[in-house]
Amino acid sequence: MNLADLRTAFQRRQIDGWLIYDFRGSNSVLPLLLPPAHGTKRSTTRRIYYFIPARGEPTLVVHALDAAQFESLPAGVHKHVFLSWRDLRAVLEQLLLGHARLAMEYSPGGSLPIVSMVDAGTVELIRSMGVEVVSSADVMQDAVAPWSPAALSTHLEVSKHTVDIARGAFGFIGERLRAKQPVDEYRVQQWIMQRFAALGLETPDGPIVGANAHAGDPHFEVSATNPSPIVPGDWVLIDLWARKPGDENIFSDITWTGYIRRDAQDRPSDRHRAVYHAVAAARDASVKLAQESWKRGAPVQGWQLDDAARDVLIKAGFSEFIRHRTGHSLSPGPRVHGVGMNLDNFETHDTRTMTPGIGFTVEPGLYLPDFGVRSEINVYVDPGIGPIVTGDAQSDIVLV
């Protein structure tokens, strides 16, 4: 988002500016607004303030020991280098003079942890200067969550790869079993990692491959030393995420589930099917609400998209097996979980609105003692046509 668009957002949000505070890399938004030189990473040691006023030029306030890491700044951004805390306070008082209402990475009551990056003492300091501090949650989404056209293009390409890899991983299991060769969670995970490497994709950590009860653990970690074997009759969940290298790119993050048949006539149990179809229906209900709201021109918020999915699971009688929200933001930056709107009225109450250009996952899940189901897709809010699913959604249980 350019400065003119950002200031339009300030006007819409009725704020006098945005004050971004960072200490030793504590604020993930700062490098997105002021990216380091290509191929480098900053390692700062002192406090940094980046002030973007609704009128006037932005100013970066940085300690002398860290100033060299900000040699190249966007045109029009001033830099003030300080040494002492007295100097820092004086420049802040001067910068903020006349600005009554500023956004910071603060969330009242800690309601949105992804936004709560500024410590209470710093908020108190800014308030002591006569400033009302409000949450930057919506401003953050406006500024750094939207995808660029290039990011959308690479995400669509990677989405094809991740779906092919998910299908291929189940195929790999079948090939090993037909050849009477052992296969386990770790072997499948490493097969996926090899496919990522061959396609030039990156991931911060390995995918989840969980058999039976392990599929019932939303954040199960595969053991390299003692993985569970995968044999006929097993239920398997595979969750994988990857992107083209670079923090400007967007992860494709998907989850599929399948059943390992004992023979060609074998099918998953009625219980497996009931849980799977409830999850798939919940996923589709959330997408339907997003798309219908867009068509009507009616704003929809993250908590509402979460409720749409969870209500389906509750009505199906599975409320006790819900363990997490329906989805998370997908946005530029180093993390798979982005800084924009989450689909959440479970862990938090996310009141951010679905806006053009952002992306998110839809991934309802049910986690029983002996197996679990999650069906995860990615959605991009196209500014022209509204929410679109960026890869194939699993339509039925994979039969291996």
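Note: hydrogens, waters and symmetry copies are ignored here, and every other heavy atom, side chains too, is used.
Between Asp311 and Lys315 no salt bridge is recorded (no basic side-chain N to carboxylate O distance below 4.0 Å). Salt-bridge formation is not detected for the pair Arg47/Asp22: no Lys NZ or Arg NE/NH1/NH2 atom is positioned less than 4.0 Å from an Asp or Glu carboxylate oxygen. Taking the charged nitrogens against the carboxylate oxygens, Arg283 and Glu376 have no contact shorter than 4.0 Å, which rules out a salt bridge. Ion pairing between a basic and an acidic side chain is recognised when a charged N comes within 4.0 Å of a carboxylate O; Asp396 and Arg273 show no such pairing. Using a cut-off of 4.0 Å between Lys/Arg side-chain N and Asp/Glu carboxylate O, Asp247 and Arg243 are scored as salt-bridged. A salt bridge links Arg12 with Asp142: the distance from a Lys NZ or Arg NE/NH1/NH2 to an Asp or Glu carboxylate oxygen falls below 4.0 Å. Ion pairing of Arg55 with Asp16 is absent here, as no side-chain N (NZ or NE/NH1/NH2) approaches a carboxylate O to less than 4.0 Å.
Contact annotation: the side chain of Val115 approaches that of Ser136 to within less than 4.5 Å [non-hydrogen atoms, C-beta and beyond]. Residues Leu305 and Ser286 have side chains in contact (heavy-atom distance under 4.5 Å, counting atoms from C-beta outward). Trp294 is listed as a side-chain neighbour of Val381, based on a closest heavy-atom distance under 4.5 Å. By the 4.5 Å heavy-atom criterion applied to side chains, Val300 and Leu289 are counted as neighbours. Using a 4.5 Å cut-off on side-chain heavy atoms (C-beta onward), Arg176 and Pro182 make contact. Contact annotation: the side chain of Asn378 never approaches that of Phe251 to less than 4.5 Å [non-hydrogen atoms, C-beta and beyond].
Under a cutoff of 6.0 Å and an axis angle of 45°, Arg127 and Tyr106 form a cation-pi pair.
Arg86 places no side-chain N or O within donor-acceptor distance of the main-chain N or O of Leu83, the cut-off being under 3.5 Å. Without hydrogens or angle criteria, His337 side chain to Ser329 main chain gives no donor-acceptor distance under 3.5 Å.
Two different hydrophobic clusters hold Val81 and Leu92 under the rule that ILVMFWY side chains link at heavy-atom gaps under 4.5 Å. When the side chains of ILVMFWY residues are joined at heavy-atom separations under 4.5 Å, either directly or via intervening members, Val118 and Leu33 end up in two distinct hydrophobic clusters.
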Exercise for review: Walk me through it: do Tyr49 and Tyr21 pass the test ring pair (Phe, Tyr, Trp, His ring centres under 6.0 Å)?
Suggested key: CA-CA 5 Å; Tyr49 287 87; Tyr21 168 77; 4.9 Å; yes
Exercise for review: Let me see the working for Leu201 and Lys244 under side-chain contact (heavy atoms from CB on, under 4.5 Å), right down to the final yes or no.
Suggested key: CA-CA 5 Å; Leu201 305 181; Lys244 288 282 189 181; 4.2 Å; yes
Exercise for review: Quick one: do Arg310 and Asp306 satisfy salt bridge (Lys or Arg N to Asp or Glu O under 4.0 Å)? Show the steps, please.
Suggested key: CA-CA 6 Å; Arg310 197 168 59 259; Asp306 180 48; 2.4 Å; yes
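Ring geometry for His63 against Phe82 counts as perpendicular: the plane angle is over 60°, on a 0 to 90° scale with 30° as the lower cut. The aromatic rings of Phe172 and Trp191 lie parallel to each other, with less than 30° between the two planes, well short of the 60° mark. A perpendicular orientation is assigned to the rings of Trp18 and Phe10, their planes being inclined by more than 60° (bins at 30° and 60°).
Here the CH2-CG distance, from Trp147 to Asp382, works out to 10.5 Å after rounding to the nearest 0.5 Å. For the atom pair CH2 (Trp256) and OG1 (Thr162), the distance works out to 9.5 Å, reported to the nearest 0.5 Å. Going from atom CG of Leu112 over to atom CE of Met341 covers 12.0 Å, rounded to the nearest 0.5 Å. Residue Leu19 holds its CG atom at 6.0 Å from CG of Leu96, rounded to the nearest 0.5 Å.
Counting non-hydrogen atoms of neighbouring residues, nucleotides and ligands closer than 6.0 angstrom, the CD atom of Glu221 reaches no more than 12 such neighbours. Around CD of Gln11, the count of heavy atoms belonging to other residues, nucleotides or ligands within 6.0 Å does not exceed 12. Counted within 6.0 Å of CD on Gln94, heavy atoms from surrounding residues, nucleotides or ligands total 12 or fewer; the atom is thus considered open.
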Report, one line per pair, each donor and acceptor closer than 3.5 Å where one atom sits in a side chain of residues 352-362; sequence neighbours left out.
unit_1	atom_1	unit_2	atom_2	d
Arg352	NE	Asp350	OD1	3.1
Arg352	NE	Asp350	OD2	3.4
Arg352	NH1	Val339	O	2.8
Arg352	NH1	Gly340	O	3.1
Arg352	NH2	Gly340	O	3.0
Arg352	NH2	Asp350	OD2	2.7
Thr355	OG1	Gln141	NE2	3.1
Thr361	OG1	His328	N	2.9
Thr361	OG1	Glu363	OE2	2.9

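If you check the side chains of Ser375 and Gln394, you find no donor sitting under 3.5 Å from an acceptor. Using modelled atom types and a 3.5 Å distance limit, the side chains of Ser252 and His161 yield no donor-acceptor pair. Checking Arg267 against Tyr259 by side-chain atom types alone, no donor-acceptor pair falls below 3.5 Å. Using modelled atom types, one finds no donor on one side chain facing an acceptor on the other under 3.5 Å when comparing His324 with Glu347. If you check the side chains of Thr45 and Asp66, you find a donor sitting under 3.5 Å from an acceptor. Between the side chains of Ser84 and Asp87, no donor N or O sits under 3.5 Å from an acceptor N or O.
Of the residues His99, His78, His80, the one that meets the ring-ring contact (aromatic ring centres under 6.0 Å, His included) test with Phe51 is His99.
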